[in-house]
Amino acid sequence: MTKNRTYSPCPSGRESIAGACYLAFQLLFLPSALFWINGQMEIPLNDAELNFFYYIVNFIAVLLIFHDFLARSLRQLLNHPIDALQAAILGFVAYYVCYYAIDWLVSLLVPGYTNYNDESIAALSRGNYFLTFLGTVILVPLAEECFFRGLIFRNLYKQSHWAAYLVSIAAFACIHILGYIGQYSPKELIIAMIQYVPAGLWLAWSYVKGDTIFVPVIIHSAVNFITIRGIL
């Protein structure tokens, strides 16, 4: 280990404030704004196209807001590729061990249960497979990792490791069920949240272990690739 090594690049104060403001906008206003704009178009986009446009907006916003953070994280990756690779492999394997354990338990407790977020992605894929694949595998991982691991986890990690893990895991799980509140029972929503705990845990762990945000981005992208291939 070299003495001049830096650890886990963190978004700057300016990036964190801008990122928090945009995340609030993304959650509260962006979907409604895009739906309204789409409704005014002479030829509206279909669901897959509109969803991809949403991904594009978030991806561009992340590049603009976190460009310094991403540049520092990329340098960290290039300076220590072996450490990053080890963290990516360990995090990937640990995620799937936990994922399949929880999936097995859910199948015992709630036979026939399927994750409705996966079902939604499958439906979008049937509308436009290429755009859904590109958005899910390429655009989403970078955006979500910058927000949930970079903005939330890394900033809290400086104050409390436990708080960083708990809050980021909860936030990551909640974001994946927000669109389904009111459509499914509380029991189904809780089960869905639990299914995202392994991802929230091991993506955060791999960020610390690999010292660069690109480690969880790579794992996230690989998991999404396997998922979208498996649900078609």
Side-chain angles (χ1 to χ4, degrees), residues 7-8 73 77 82-122 125 133 136-157 160-181 184-232:
Y7 290 91
S8 299
S73 296
L77 172 66
I82 301 302
D83 292 340
L85 178 61
Q86 291 175 341
I89 293 172
L90 290 172
F92 181 81
V93 172
Y95 162 74
Y96 270 107
V97 169
C98 291
Y99 170 81
Y100 283 120
I102 289 178
D103 191 57
W104 173 77
L105 183 60
V106 169
S107 68
L108 289 179
L109 298 177
V110 191
Y113 176 85
T114 57
N115 186 289
Y116 37 82
N117 193 52
D118 290 348
E119 293 177 346
S120 296
I121 294 175
S125 298
F133 182 91
T136 303
V137 177
I138 304 299
L139 304 181
V140 167
L142 182 69
E144 290 193 350
E145 292 312 309
C146 281
F147 286 125
F148 294 102
R149 255 59 65 180
L151 175 64
I152 297 175
F153 175 82
R154 188 60 182 84
N155 276 298
L156 285 174
Y157 194 78
S160 168
H161 294 184
W162 282 105
Y165 276 100
L166 292 174
V167 173
S168 64
I169 290 171
F172 187 67
C174 287
I175 196 68
H176 286 88
I177 70 160
L178 283 180
Y180 305 101
I181 293 177
Y184 297 89
S185 68
K187 177 182 177 181
E188 290 174 313
L189 293 175
I190 291 172
I191 293 173
M193 287 186 65
I194 292 173
Q195 288 182 312
Y196 286 102
V197 169
L201 170 62
W202 292 109
L203 288 171
W205 177 88
S206 70
Y207 180 23
V208 175
K209 179 69 175 177
D211 296 331
T212 170
I213 195 67
F214 285 101
V215 169
V217 168
I218 291 168
I219 297 174
H220 197 153
S221 181
V223 169
N224 282 4
F225 173 82
I226 294 171
T227 299
I228 196 171
R229 293 293 298 170
I231 63 179
L232 293 179

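Everything quoted here is computed from the prediction, not taken from an experiment.
- Checked against ring pair (Phe, Tyr, Trp, His ring centres under 6.0 Å), Phe225 has the following partners two or more places apart in sequence or in another chain: Phe133.
- Screening residues 85-101 for side-chain hydrogen bond (donor to acceptor under 3.5 Å, both in side chains) gives no qualifying pairs among residues at least two apart or on separate chains.
- From Ile191, atom CD1 reaches atom CG of Leu105 across 9.5 Å, with rounding to the nearest 0.5 Å.
- When all heavy atoms are compared, the tightest approach of Pro198 to Cys98 is CB-CB, 3.8 Å.
- In this structure, SG on Cys174 lies 11.5 Å from CD1 on Ile169, to the nearest 0.5 angstrom.
- In this structure, Ile218 CD1 and Ile89 CD1 are separated by 10.5 Å, a value rounded to the nearest 0.5 Å.
- Every side chain to side chain donor-acceptor pair (under 3.5 Å) that Tyr196 has, sequence neighbours left out, goes to Asn117.
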Query raised in the report: Under the side-chain contact (heavy atoms from CB on, under 4.5 Å) criterion, do Val215 and Tyr207 qualify, and how do the steps go?
Result: CA-CA 6 Å; Val215 169; Tyr207 180 23; over 6 Å; no
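- Considering all non-hydrogen atoms of both residues, Ala170 and Met193 come closest at O-CE, 4.5 Å.
- A heavy-atom distance below 4.5 Å is found between the side chains of Ile228 and Val137.
- Using a distance-only test at 3.5 Å, with no hydrogens or angles considered, a donor-acceptor pair links the side chain of Ser206 to the main chain of Trp202.
- A search for side-chain contact (heavy atoms from CB on, under 4.5 Å) contacts involving Ile181 returns Leu178, Leu189, not counting sequence neighbours.
- Rounded to the nearest 0.5 Å, atoms CG (Leu108) and OH (Tyr113) are 15.0 Å apart.
- Within the 4.5 Å cutoff, the side chain of Ser168 has no heavy atoms near those of the Leu156 side chain.
- The side-chain contact (heavy atoms from CB on, under 4.5 Å) check on Leu166 picks up nothing, with sequence neighbours excluded.
- If you take NZ on Lys187 and CG on Leu109, they are separated by 8.0 Å, rounding to the nearest 0.5 Å.
- Ring-centre distance between Phe172 and His176: below the 6.0 Å cut-off.
- Here Leu77 pairs with Leu74, Ala84, Thr212, Phe214 under the side-chain contact (heavy atoms from CB on, under 4.5 Å) rule; sequence neighbours left out.
- Residues passing the side-chain contact (heavy atoms from CB on, under 4.5 Å) test with Val97, sequence neighbours excluded: Val93.
- Looking at heavy atoms from C-beta onward, Thr227 lies out of side-chain contact with Ile121 at the 4.5 angstrom threshold.
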Could you list the donor-acceptor pairs under 3.5 angstrom formed by side chains in residues 140-153, with sequence neighbours left out?
| residue | atom | partner | partner atom | Å |
| --- | --- | --- | --- | --- |
| Glu144 | OE1 | His220 | NE2 | 3.4 |
| Glu145 | OE1 | Arg149 | NE | 2.7 |
| Glu145 | OE1 | Arg149 | NH2 | 3.4 |
| Glu145 | OE2 | Arg149 | NH2 | 2.8 |
| Glu145 | OE2 | His220 | ND1 | 2.6 |

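- Ser107 meets the side chain to side chain donor-acceptor pair (under 3.5 Å) test with no other residue; sequence neighbours excluded.
- Every side chain to side chain donor-acceptor pair (under 3.5 Å) that Glu188 has, sequence neighbours left out, goes to Ser185.
- Between the CG atom in Asp103 and the CD1 atom in Ile194 there is a gap of 12.5 Å [rounded to 0.5 Å].
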